Amino acid sequence: MQFRYDYVVFPLIANVVAVFLCMPNMDTGNSDLSRAEELKNLANEAFKAHKYAQAIDLYSQAIELNGQNAVYWANRSFAHTKLEEYGSAIQDASKAIEGYYRRGAAYLAMGKFKDALKDFQQVKKLSPNDLDSAKKLKECEKAVKKLKFEEAIAVPESKRESVADSIDYRAIEVEPQYLGARIEGDVITLEFVKKMMDDFTNQKCLHKRYAYQIVLQMREMLRALPSLVDIKIPDGNHFTVCGDVHGQFYDLLNIFELNGLPSEENPYLFNGDFVDRGSFSVEVILTLFAFKCMAPSAIYLSRGNHESKSMNKIYGFEGEVRSKLSETFVELFAEVFCCLPLAHVLNEKVFVVHGGLFSVDGVKLSDIKAIDRFCEPPEEGLMCEILWSDPQPLPGRGPSKRGVGLSFGGDVTKRFLQDNNLDLVVRSHEVKDEGYEIEHDGKLITVFSAPNYCDQAHIETYGYGENMGNKGAFIRFEAPDMKPNIVTFAAVPHPDVKPMAYANNFLRMFS
Ligand SMILES: *[C@@H]1O[C@H](CO)[C@@H](O)[C@H](O)[C@H]1NC(C)=O
């Protein structure tokens with residue numbers, strides 16, 4: 001079976017973020033960048049004193065040290081204009097436009113619309129006649145306007161009424177002609193979940209009444225959990241940890257095919273990023289939630305960075321929910337995602353989080369348990385780092401390639417494990433060719449369960465193709481020794497709905 005893939009958003013955005021966004025954040029030991037800033041300030045002073053040639057010289061030195069900063073190019077362009085050196089002015093201006101434009105695109109990819117808007121306004125200033133950037137600026141202005149409006153009408157978090165509390169799903173009629181799965185009474189049974197998965201496989205929807213019932217029941221259950229959940233696996237039993245699924249429902253079914261359905265005897269932990277990117281996120285999340293409602297100890301769920309409003313707005317889940325369910329569900333899912341726990345510990349030995357470890361040493365499990373997690377992910381602090389951080393091969397800590405969280409070395413991992421008397425960190429969050437990667441002297445494993453992620457890997461190589469992309473993986477632990485047994489698997493075919501089919505238009509504009 002062959003599919004066509006029209007665009008590759010992710011690698012583009014990733015590159016842009018890596019190159020343009022994060023370099024200015026490298027305050028740790030990057031003297032070139034701060035020296036470049038000093039030079040720019042001197043250049044600005046020279047400019048103000050009308051010493052344009054001197055200003056140009058200083059801007060050039062700054063550019064020499066950091067060519068990524070659009071401001072340097074823009075300012076040097078102005079200085080050239082003052083000297084009537086229009087050729088050089090235009091050259092510098094186009095460099096500046098490129099810089100602002102790419103940083104703006106990266107801000108959009110992170111959901112930072114206001115920052116993106118500022119950059120596109122600069123682009124507009126520098127190239128007032130460019131129709132393409134004018135269009136993007138307009139889209140961005142619309143988004144910021146909408147955000148401002150939403151902020152204006154938003155009630156403070158503490159006073160906000162829960163959407164969940166306002167829904168009475170029992171009052172919703174199920175039409176007799178509805179042929180899909182039905183929940184009888186209050187109990188979600190295996191029979192129901194199987195029928196629902198069958199319906200999903202055939203691209204049929206679940207009735208809203210039952211979708212509400214599942215999500216609301218899930219909320220009650222998750223709210224009662226601590227932010228760090230301890231799991232006890234009895235001797236002789238096993239336990240499976242999966243990484244990101246990202247809306248790839250057909251690959252999720254394949255995991256169940258290979259490793260059995262979730263049950264008390266065959267429990268799973270899904271380690272965040274259930275939704276976004278893949279175009280079957282609604283099917284994935286309802287399936288995982290339904291299993292948890294059926295048997296709370298059959299499946300554990302932890303929050304990923306994509307279980308958040310800002311990510312869901314851009315990477316497809318919000319649009320998909322609106323299209324397959326309703327606007328109310330958008331709010332409802334956002335509320336329930338805020339109840340997901342952040343970390344799990346298996347048999348007091350294996351620490352499992354979506355992203356990774358912390359910007360400070362000495363964090364104890366009790367600190368994680370104490371996190372007040374019932375909110376959108378903050379931009380810094382333990383909760384942000386749990387959801388966003390990545391390991392790095394070098395020791396110590398470094399800036400994040402994503403612009404959020406940090407990267408941490410093997411020494412950080414070892415100290416954390418020692419401080420908490422643990423053996424292993426398992427995390428997800430990054431696509432890996434083999435579906436997993438073992439790092440930090442075997443003390444840290446990345447597991448990623450979305451094979452052929454975004455259907456992207458083989459486009460880069462082949463233009464199109466059969467499942468030639470990354471593999472997916474899951475880890476099976478057997479108690480009591482808790483050695484990780486890694487199983488990898490390839491992608492299975494799915495109906496021809498492209499990844500990101502429901503994603504925000506902005507991303508497509510930049511692809
Ligand atoms: C150059 O850069 C700075 C930003 O640091 C800006 O505020 C300043 O007005 C710019 N222009 C000139 C001509 O100095």
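First listed ligand is number 1; within each ligand, the first listed atom is number 1. Only this structure's heavy atoms are used, side chains among them; waters, hydrogens and symmetry mates stay out. The shown structure was predicted, so the numbers you read here are calculated from the model rather than taken from an experiment.
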Give a yes/no verdict on whether any heavy atom in Y59 is under 4.0 Å from an atom of ligand 1.
yes

Taking only heavy atoms of F47 into account, list the atoms of ligand 1 that are under 4.0 Å away from them.
13 (C)

Any chance the side chains of D273 and H246 put a donor and an acceptor closer than 3.5 Å?
yes

Looking at H306 versus F317, is the centre-to-centre ring distance below 6.0 Å?
no

Side chain or backbone of Y72 under 4.0 Å from ligand 1, or both, or neither, by non-hydrogen atoms?
neither

Test of ring centre spacing under 6.0 Å for F351 and F416
yes

Quick note on ligand 1: atoms under 4.0 Å from a heavy atom of K40 include exactly 4 (C), 5 (O)

Going by distance alone, is a donor N or O of one side chain under 3.5 Å from an acceptor N or O of the other, for Y453 and R277?
yes

Might you check, step by step, whether the distance between atom 11 (N) of ligand 1 and some protein heavy atom is under 4.0 Å?
yes

Can you confirm whether some protein heavy atom lies under 4.0 Å from atom 5 (O) of ligand 1, or whether none does?
yes

Within ligand 1, which atoms have a heavy atom of V71 less than 4.0 Å away?
2 (O), 4 (C)

For Y59 and N44, test the side chains for any donor-to-acceptor distance below 3.5 angstrom and give the result as yes or no.
yes

Is it true that the side chains of S407 and R397 contain a donor and an acceptor less than 3.5 Å apart?
no

Quick one: nearest non-hydrogen protein atom to atom 3 (C) of ligand 1, plus distance?
N44 ND2, 3.2 Å

Mind checking whether K48 contacts ligand 1 via backbone (N, CA, C, O), side chain (CB onward), both or neither, at a 4.0 Å heavy-atom cut-off?
neither

Measure the distance from atom 1 (C) of ligand 1 to every protein heavy atom, then report the residue, atom name and distance (to 0.1 Å) of the closest one.
N75 ND2, 1.5 Å

Y52 ring center within less than 6.0 Å of F47 ring center:
yes

